[in-house]
Novice: 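Below: one structure in structure tokens.
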There are 2 protein chains.
Amino acid sequence: MATIRDVARRAGVSIATVSRVVNEQPGIRPETRARVHDAIDELSFRPNAIGRSLKAGTSRVLGVMVPTLANPVFAEAVEGLQHEARKAGYGVMVTTSDYDADTERAAVETLMIGRVDALVLTVRDAADAATRAWLDAIDRPVVLIYNEPGSRPTVTVDNAAAGAAAAEMFVRLGHSRLAVVAGSLTGSDRSRARWLGFANALQAQGCPPPVKVEIPFHQTDLGQAIADLMAGDAPPTGLFCSNDLIAMRTMAALRELGLGVPGDVSVMGFDGIATCRLLHPSLSTVSQPSRTMGEAAATLVLKELAGGVAEPFTILPHRLVEGGSVGPPPRAAQRGPTTSPTERGVPST
Amino acid sequence: MATIRDVARRAGVSIATVSRVVNEQPGIRPETRARVHDAIDELSFRPNAIGRSLKAGTSRVLGVMVPTLANPVFAEAVEGLQHEARKAGYGVMVTTSDYDADTERAAVETLMIGRVDALVLTVRDAADAATRAWLDAIDRPVVLIYNEPGSRPTVTVDNAAAGAAAAEMFVRLGHSRLAVVAGSLTGSDRSRARWLGFANALQAQGCPPPVKVEIPFHQTDLGQAIADLMAGDAPPTGLFCSNDLIAMRTMAALRELGLGVPGDVSVMGFDGIATCRLLHPSLSTVSQPSRTMGEAAATLVLKELAGGVAEPFTILPHRLVEGGSVGPPPRAAQRGPTTSPTERGVPST
DNA sequence: CACGCGAATGAGAACGTTTTCATGTTTTAG
DNA sequence: CTAAAACATGAAAACGTTCTCATTCGCGTG
């Protein structure tokens, strides 16, 4: 691996001159420049970013942490972020936290040791005291994405309003008994915000508060949870899921139970994962512009690195996508408690 | 940001001693060690990875390039890789190539300048001469994933055998007129291998060669392409798609055309994306262990970095997942050319 | 009591850059 | 033709580590 010194020797100049040529600084005789370029080519010299970083005190690397890349929402955001970063000549170091608070902290610590110039993070709960503590202690630009706005610049959608919009859609169609199926209602700030917006809007419309169902992160089969939920006397006619992945699994579980969507139960998701539009019935969902969020976060953080000051928060527009998974409630449900909606209905408790 | 020098001053020792304490080297008096630790805590000193890297000549960062993170297959592989890397104390720099050969080269160049210790890549075509040229010129450990085995250590599945397995499944069910719907048959080595395995197996079974349909990378609506494909006198009764994303879109397009899956046409995917199992009908597919592939690649590359020598290739097992999207061909098709299979059939050309 | 030996610590070079300041060489103006 | 100004280049320090040699200290041994 050739160093600047090798190039200098070969070209018969000093390392300072080579550096100037490499960085395209003015004040080099064309002839000298050519000689240096030749040497660079001959040795296929690539300036060592580490040496450069050490001197410059900057690594030109962005650190990114998301809960998981297995959820396309985050994967797409990272993709957008990465594109934007590359355009600006920045690299992107990626870590995942698996929705675990301790892992979050450790992962960010690792990124900081890696000397990233700035961070783009999604944490479980930006309002959590412990999280805020270490978050506020970070001495570099930080931008949060997907989290609820707090002490750090944040790029997100209006989760409460989005939850309310979902509620209003259900109510408009005639639903009143609703449930929320969430990954971790207690732990995740955005999930909580969606829930709150949803529940408040329902209350405003005079509906009873929605039932809550919480699903542990790693549980992929929702069969039991959904069966339990639908087993009561007056099961919900509409389910608001805290993300599309859960919504898909919920639909699969309902199908297992012999319940039709949206005939017996309506299902609504959150995120707007592309593949969910291809389901049958296609999933109604609140879509957020993931890729754009990643791009916006990159732009924001790069701006801050360039000496600018980042907006405290950027709220991107969400969009209610009306798919086929939401329809009016079944007739029976409108009259109150009834028998199982289908012949294969689950036994009542 | 405190440096080792600040700590040394504060603890009243030399920087060498601090370095020894930080790196847990023996031969330090417990008392001294304690004093240094105190200073470290007081200044919340974190050793600068860049300084360390410069001296050590190693960055403890792995570079990863995949076509896109929007395809869960790659996102999951990166997730697995990242986990494994972190366990070993390595960071992961991620780039995407958008399936573009020029971008591939540029992206890898960027990673190399970033001084990653080793690379894990998925390229369009590992057999392509130009690609091989720059690939072979890389002076660090490189592991390819998803690509066909070539001059560099590779982690993949047996794409040809997987393609053949798909073909055999179709034939076993009675299909003979088949088509392949691929992202870029010409450009991608794995897609080509699947195609070859598929076509050869068909030939071996005495079936006519499959029709090819190629879909540009960014084209998400396959309506026209599928309509054209199904418009002929004797349209295919089974479609083998080069990945699950395309398979999903193909199913959506078929539905648009009023064709039933698998009643009128059977559809088979490739990859085993988790969400496709939740489709209705669930997608039959050849599943590859993406996460494991990422982990294996990380293990391999780390082993090589540790001075070991990597196996030239690792073939992980694929698995034929029998979903609901593949069934016997419609009766009519078995008798040869007929009228459109449904009342909403597409006009014949 | 001097000597030597091992343990603990320090001084300083090295890693590959960038950058400041100094120096040598042209060019331009007078 | 000379002096000054503009230009081109070089020497060396600095960034924050690690690591190799010294060096110092304490102490047991002859």
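Proteins come first, then strands; the chains are lettered A, B, ... in the order of their sequence lines, and each starts at number 1.
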Novice: If you only use heavy atoms from C-beta on, which nucleotide in C:dG16, D:dA8, D:dT18 is closest to the side chain of A:Thr32?
Specialist: D:dA8
Novice: With the side chain of B:Arg29 defined as its heavy atoms from C-beta on, choose the nearest nucleotide among C:dG12, C:dT18, C:dT9.
Specialist: C:dT9
Novice: Using only side-chain N and O atoms of B:Ser19, determine if any of them is under 4.0 Å from OP1 or OP2 of D:dT18.
Specialist: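 Yes, within the criterion.
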Novice: Indicate, with a heavy-atom threshold strictly under 4.0 Å, whether B:Thr3 touches base, sugar-phosphate, or nothing.
Specialist: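 Sugar-phosphate only.
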Novice: Among C:dT17, D:dT9, D:dT18, find the nucleotide with the atom closest to the side chain of A:Pro47.
Specialist: C:dT17
Novice: Looking only at side-chain N and O atoms, does B:Arg20 come under 4.0 Å of OP1 or OP2 in D:dT18?
Specialist: no
Novice: Checking contacts here: which listed nucleotide (C:dT17, C:dT9, C:dA14) is nearest the side-chain heavy atoms of A:Asn48?
Specialist: C:dT17
Novice: Give one of base, sugar-phosphate or nothing for B:Glu31, where a contact means two heavy atoms less than 4.0 Å apart.
Specialist: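 Since no nucleic acid heavy atom lies under 4.0 Å of B:Glu31, the category is nothing.
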Novice: Less than 4.0 angstrom from a charged side-chain N to a carboxylate O is my criterion; do B:Arg9 and B:Asp6 meet it?
Specialist: yes
Novice: Take atom CE of B:Met112 and atom C1' of C:dG16, then tell me their distance rounded to the nearest Å.
Specialist: 17 Å
Novice: Round to the nearest Å and state the distance from B:Ile113 atom CD1 to C:dG16 atom C1'.
Specialist: 15 Å
Novice: When you get a sec, tell me which of D:dT9, D:dG16, D:dG10 is the closest nucleotide to the side chain of A:Ala16?
Specialist: D:dG10
Novice: From the set D:dT17, D:dC15, D:dG10, return the single nucleotide nearest to any side-chain atom of B:Phe45.
Specialist: D:dT17
Novice: Is a salt bridge present between B:Arg192 and B:Glu148, judged by a nitrogen-to-oxygen distance below 4.0 Å?
Specialist: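 Not counted as a salt bridge, because no side-chain N and carboxylate O are separated by less than 4.0 Å.
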Novice: Mapping B:Pro30 and B:Leu54 to their closest nucleotides on DNA chain C, which lands nearer the 5' end?
Specialist: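 Nearest-nucleotide comparison on DNA chain C picks B:Pro30.
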Novice: Could you state the CE-P distance from A:Met1 to C:dG16, rounded to the nearest angstrom?
Specialist: 11 Å
Novice: Just checking, is any N or O donor in the side chain of B:Asp98 or B:Thr103 under 3.5 Å from an acceptor N or O on the other one?
Specialist: no
Novice: Just to be sure I understand the rule, does B:Ile15 reach a base, reach only the sugar-phosphate, or reach nothing, if contact means heavy atoms closer than 4.0 Å?
Specialist: base
Novice: If you define the side chain from C-beta out and look only at heavy atoms, does anything of A:Met112 sit under 4.5 Å from A:Arg140?
Specialist: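 When only atoms from C-beta onward are counted, A:Arg140 and A:Met112 do touch, with a gap below 4.5 Å.
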Novice: Which residue, B:Gly51 or B:Ser14, contacts DNA chain C at a nucleotide closer to its 5' end, judged by nearest heavy atom?
Specialist: B:Ser14
Novice: Provide, to the nearest angstrom, the distance between the CZ atom belonging to B:Arg52 and the C1' atom belonging to D:dT17.
Specialist: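 Whole-Å distance recorded here is 8 Å.
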Novice: Rounded to the nearest angstrom, tell me the gap between atom CZ in A:Arg60 and atom C1' in C:dT17.
Specialist: 15 Å
Novice: Nearest to the side chain of A:Arg5 - C:dG16, D:dT9, D:dG16?
Specialist: C:dG16
Novice: Reckon A:Val22 touches a base, only the sugar-phosphate, or nothing at all at heavy-atom distances under 4.0 Å?
Specialist: nothing
Novice: May I have the distance from A:Arg33 (atom CZ) to D:dA8 (atom C1'), rounded to whole angstrom?
Specialist: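 Going from A:Arg33 (CZ) to D:dA8 (C1'), I get 11 Å.
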Novice: Would you kindly give the CZ-to-C1' distance between B:Arg35 and C:dT9, to the nearest whole Å?
Specialist: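 That distance rounds to 11 Å.
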Novice: Check every strand shown and say whether A:Arg46 touches a base, only sugar-phosphate, or nothing at a heavy-atom separation below 4.0 Å.
Specialist: sugar-phosphate
Novice: Quick check against the 3.5 Å criterion: does A:Asn23 have a side-chain atom that pairs as donor or acceptor with the backbone of A:Ser19?
Specialist: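 Yes; judged by distance alone, with no hydrogens or angles, the pair exists.
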Novice: Without decimals, in angstroms, what is the distance between B:Ile40 CD1 and D:dG16 C1'?
Specialist: 14 Å
Novice: At under 4.0 Å, does any side-chain N or O of A:Thr17 touch on OP1 or OP2 of D:dG10?
Specialist: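 Yes, within the criterion.
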Novice: Given A:Asp125 and A:Thr131, is the side-chain hydrogen bond (donor to acceptor under 3.5 Å, both in side chains) satisfied, shown in steps?
Specialist: CA-CA 7 Å; A:Asp125 187 351; A:Thr131 303; over 6 Å; no
Novice: Is any side-chain N or O of B:Gln25 closer than 4.0 Å to OP1 or OP2 of D:dC19?
Specialist: yes
